[in-house]
Structure formats: C-alpha cells, structure tokens
Amino acid sequence: MRAGGSDPIREAVRLLAERRNAVALTGAGISVESGIPSFRGAQGMWAKYDPMEYATLRAFLQSPRKVWEMLSEMVSVCGGAVPNAAHKWLAALEETGVVRAVITQNVDGLHQAAGSRRVIEYHGNMEELICVFCWKRYPTRERWTPGAVPLCDCGEILKPNVVLFGEPIPWLAQEQAEEEARTCGVLLVIGTSAQVSPACDIPRIAKESGAAVVEINTEPTPLTVSVTDIHLRGSASEVLRRLLEELSMDDETSPSTPSGH
Ligand code: OAD
C-alpha cells in the first residue's frame with residue numbers, strides 16, 4: 001500500500017464495499033497456480049522461447065512450423081489445466097455482485113471454466129484456430145493433435161485465434177474493456193506484469209476516469225509506483241481468499257464458497 005498505515009486488505013475491502021462496481025484485469029499470474037507458466041521471469045515462456053522468433057505475426061507467416069513448437073506446448077498445457085482457487089474466488093466475487101466483469105489477457109478459458117460470466121478476452125483464446133489466408137475457423141480440438149501442425153481445408157497452416165505481437169486487439173474486446181475501465185469504481189489488477197501495450201493502458205484509463213486501482217501481485221510492477229492505490233502483495237488465490245473473507249464479514253450476504261475450497 002502506498003499511503004496511510006492501515007491494513008491494505010481492510011482498505012481494499014472498504015473500497016470494494018463502498019463502490020461495488022469493480023472490474024478485474026487479469027494476466028498470466030492468476031493461472032500460474034493452475035500449472036500454466038507465465039511469460040516473464042526465470043520460469044516464464046519467454047525464457048525458453050524468444051518472443052521475436054516465436055510470438056509475432058511475422059514469425060508465424062515466415063515459419064509457422066517453428067512457431068507451432070511453442071504453440072503446441074501452450075495448447076496442451078492450457079488444454080489440460082483446470083481453474084485454481086483464484087479463478088474461483090474471482091467468480092464468487094462476480095456472483096456476489098462485487099465484480100461486474102473480468103478483462104483477461106489470458107487465452108486459457110479458465111475464468112469461464114470457474115464460473116465467471118462476463119469475461120472479455122483481450123488477447124483471444126486457444127479454443128479456436130483460424131486460417132490467416134482464407135479466414136476459416138475451427139475448434140482447436142477438431143484440428144490439432146500433439147506433434148502435428150493443424151491444417152485448414154485450403155491446405156495452409158492454421159493459427160490459434162490469439163493475438164500475436166504485431167496483431168491488433170479484437171475491436172469489440174478493446175471497446176468493451178475500455179468502457180469497463182472508464183466506468184468502474186475499482187479496478188482489480190491481478191497477476192499481470194503490465195508491460196504489454198495496449199492492455200497495460202487499462203489501469204491508467206480507469207484511474208484517470210476516477211476509479212481506485214488495487215493491484216494483486218507477488219511482485220511490484222511498473223503500475224505499483226504510478227497508478228496503483230493499494231498493492232496487495234501475495235499470490236492471487238491467497239489475497240482473493242482474504243478479500244472475500246473480509247467482505248463476507250462486512251456484508252450480511254455472505255459470499256458462497258467456491259467448491260473444493
Ligand atoms: P507476465 O508473465 O508478464 O506477468 C505475470 C505477472 O504475474 C508477474 O508480474 C508476476 O509477478 C505475477 N505473478 C506470478 N505468479 C503469481 C501469483 N500466483 N499470483 C499473483 N501474481 C503472480 O504475464 P502478463 O502480464 O499476463 O501477450 O503478460 C501479458 C502479455 O504478455 C500476455 O498476454 C502475452 C505476453 O506476451 C501476448 O502474447 C500478445
């Protein structure tokens with residue numbers, strides 16, 4: 001927390017209880033506890049795969065088979081993952097009316113699997129493949145098998161319908177995300193290093209529109225010293241659990257506990 005001496009969890013709960021219409025912006029950190037590696041840091045995907053060689057549209061167009069070495073790993077890891085407690089606590093916050101939407105940079109579908117209903121997928125998702133030549137789309141499970149590159153009926157190599165570097169954000173997701181940021185009372189920024197534009201602009205838009213920014217992350221980020229009002233340092237599951245506990249103590253309508261937790 002940047003100002004004052006009170007308990008930052010209590011301070012965040014006070015803001016959430018007062019303003020209620022909170023929106024969450026999530027990143028890879030929220031899925032780490034589901035066994036999906038994040039991107040940055042020693043254990044991250046970009047330590048193993050240079051993003052300039054494996055994660056740009058240009059790289060895909062030039063060497064799709066090489067890029068599929070990384071994509072195959074992502075598809076199989078995401079396909080085998082299940083929501084963790086943090087995804088479930090966030091869905092519970094939506095269920096109780098505290099959070100009204102989740103904007104996610106993640107492509108793993110775990111927010112929806114945990115029960116979140118209003119999810120804006122800012123970077124697309126892994127469930128669909130698209131042909132960048134004829135634009136035909138297919139469910140990933142129909143076309144992808146481990147060890148092979150998925151092909152379109154036209155013969156070209158398919159790409160997951162996710163945003164690679166050099167591609168625009170899907171226009172509807174971008175519009176909806178910015179509208180949520182402009183109109184929310186609290187933005188919960190969870191598990192993102194806030195280094196990738198334009199997603200990293202969302203907290204600034206929220207802040208400039210009058211929202212309080214509460215950051216949940218195991219580490220500080222560039223936001224922590226610029227736009228963040230309260231930094232709740234810790235794992236997403238632990239911090240969200242404590243937030244829900246404190247909120248339910250504050251509120252007579254106690255939130256339902258996610259199954260298994
Ligand atoms: P990063 O890997 O850049 O950042 C993950 C963040 O999560 C870091 O700040 C960690 O400190 C934090 N973290 C790790 N474990 C955590 C936990 N258990 N609880 C809370 N926080 C935790 O991932 P993103 O910020 O999501 O885009 O990356 C943004 C974009 O960069 C991705 O969507 C992807 C990537 O390149 C594209 O590929 C276009």
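Read the numbers this way: they start at 1 and go in the same order the structure lists the ligands and their atoms. What you see is a predicted model; the values in this text were computed from it and never measured.
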Margin query: Would you say CD of Q195 has more than 12 non-hydrogen atoms from neighbouring residues, nucleotides or ligands within 6.0 angstrom?
Written below: yes
Margin query: Side-chain heavy atoms under 4.5 Å apart, restricted to Ile/Leu/Val/Met/Phe/Trp/Tyr: what other residues fall into the cluster of M52, or is it alone?
Written below: none
Next item on the list: Heavy-atom contacts with G27 under 4.0 Å: which atoms of ligand 1 show up? List them by number with element.
Entry: 26 (O)
Notebook entry, point to check: How does V196 reach ligand 1, by side chain, by backbone, by both or by neither, if only non-hydrogen atoms under 4.0 Å count?
Noted result: side chain
Checklist line | Short N or O distance, S193 and ligand 1, threshold 3.5 Å exclusive | finding: yes
Next item on the list: Would you mind running through ligand 1 and noting each atom that sits below 4.0 Å from a heavy atom of A28?
Entry: 23 (O), 24 (P), 26 (O)
Notebook entry, point to check: If you round to the nearest 0.5 Å, how far is CH2 of W89 from CD of E95?
Noted result: 13.5 Å
Check: Is the count of non-hydrogen atoms from other residues, nucleotides or ligands lying under 6.0 Å from Q43 atom CD greater than 12?
Finding: no
Note to self: In this structure, does ligand 1 have an atom that sits under 4.0 Å from one of the heavy atoms of W46?
What the structure shows: yes
Item checked: Selection from N217, V163, V189 by shortest heavy-atom distance to atom 9 (O) of ligand 1 -> N217
Notebook entry, point to check: Does a salt bridge link R242 with E245, judged by any charged N lying under 4.0 Å from a carboxylate O?
Noted result: no
Next item on the list: Can you figure out which of E167, Q195, Q105, R40 has its heavy atom closest to atom 31 (O) of ligand 1?
Entry: R40
Notebook entry, point to check: Is it true that a side-chain atom of N21 and a backbone atom of G185 form a donor plus acceptor pair closer than 3.5 Å?
Noted result: yes
Next item on the list: Indicate whether the side chain of R40 and that of T192 have a donor and an acceptor atom separated by less than 3.5 Å.
Entry: no
Checklist line | Atom indices of ligand 1, in the order listed, that fall short of 4.0 Å to a heavy atom of F39 | finding: 2 (O), 23 (O), 28 (O), 32 (C), 34 (C), 35 (C)
Notebook entry, point to check: Numbering the atoms of ligand 1 from 1, which are under 4.0 Å from a heavy atom of S38?
Noted result: 2 (O)
Note to self: For atom 24 (P) of ligand 1, tell me which residue out of N84, V107, L164, T192 has the closest non-hydrogen atom.
What the structure shows: T192
Notebook entry, point to check: So which bit of E33 gets within less than 4.0 Å of ligand 1, heavy atoms only: side chain, backbone, both or neither?
Noted result: side chain
Margin query: Checking a contact table here: which protein heavy atom is nearest atom 17 (C) of ligand 1, and how many Å away?
Written below: G29 O, 3.3 Å
Check: With only distance considered, is H123 within less than 3.5 Å of ligand 1 through an N or O on each side?
Finding: yes
Checklist line | Within-cut-off N or O pair, A236 and ligand 1, under 3.5 Å | finding: yes
Next item on the list: Using a strict 4.0 Å cut-off to heavy atoms of G191, name the atoms of ligand 1 that fall inside it.
Entry: 5 (C), 6 (C), 7 (O), 21 (N)
Next item on the list: Check each atom of ligand 1 against the heavy atoms of F165 and keep those under 4.0 Å away; list them by number with element.
Entry: 36 (O)
Next item on the list: May I ask you to decide whether E215 forms a salt bridge with R233, counting only side-chain N to carboxylate O separations under 4.0 Å?
Entry: no
Check: Thinking salt bridges, do R137 and E127 make one under a 4.0 Å N-O criterion?
Finding: no
Check: How about S237 and N84: does a side-chain donor come under 3.5 Å of a side-chain acceptor?
Finding: no
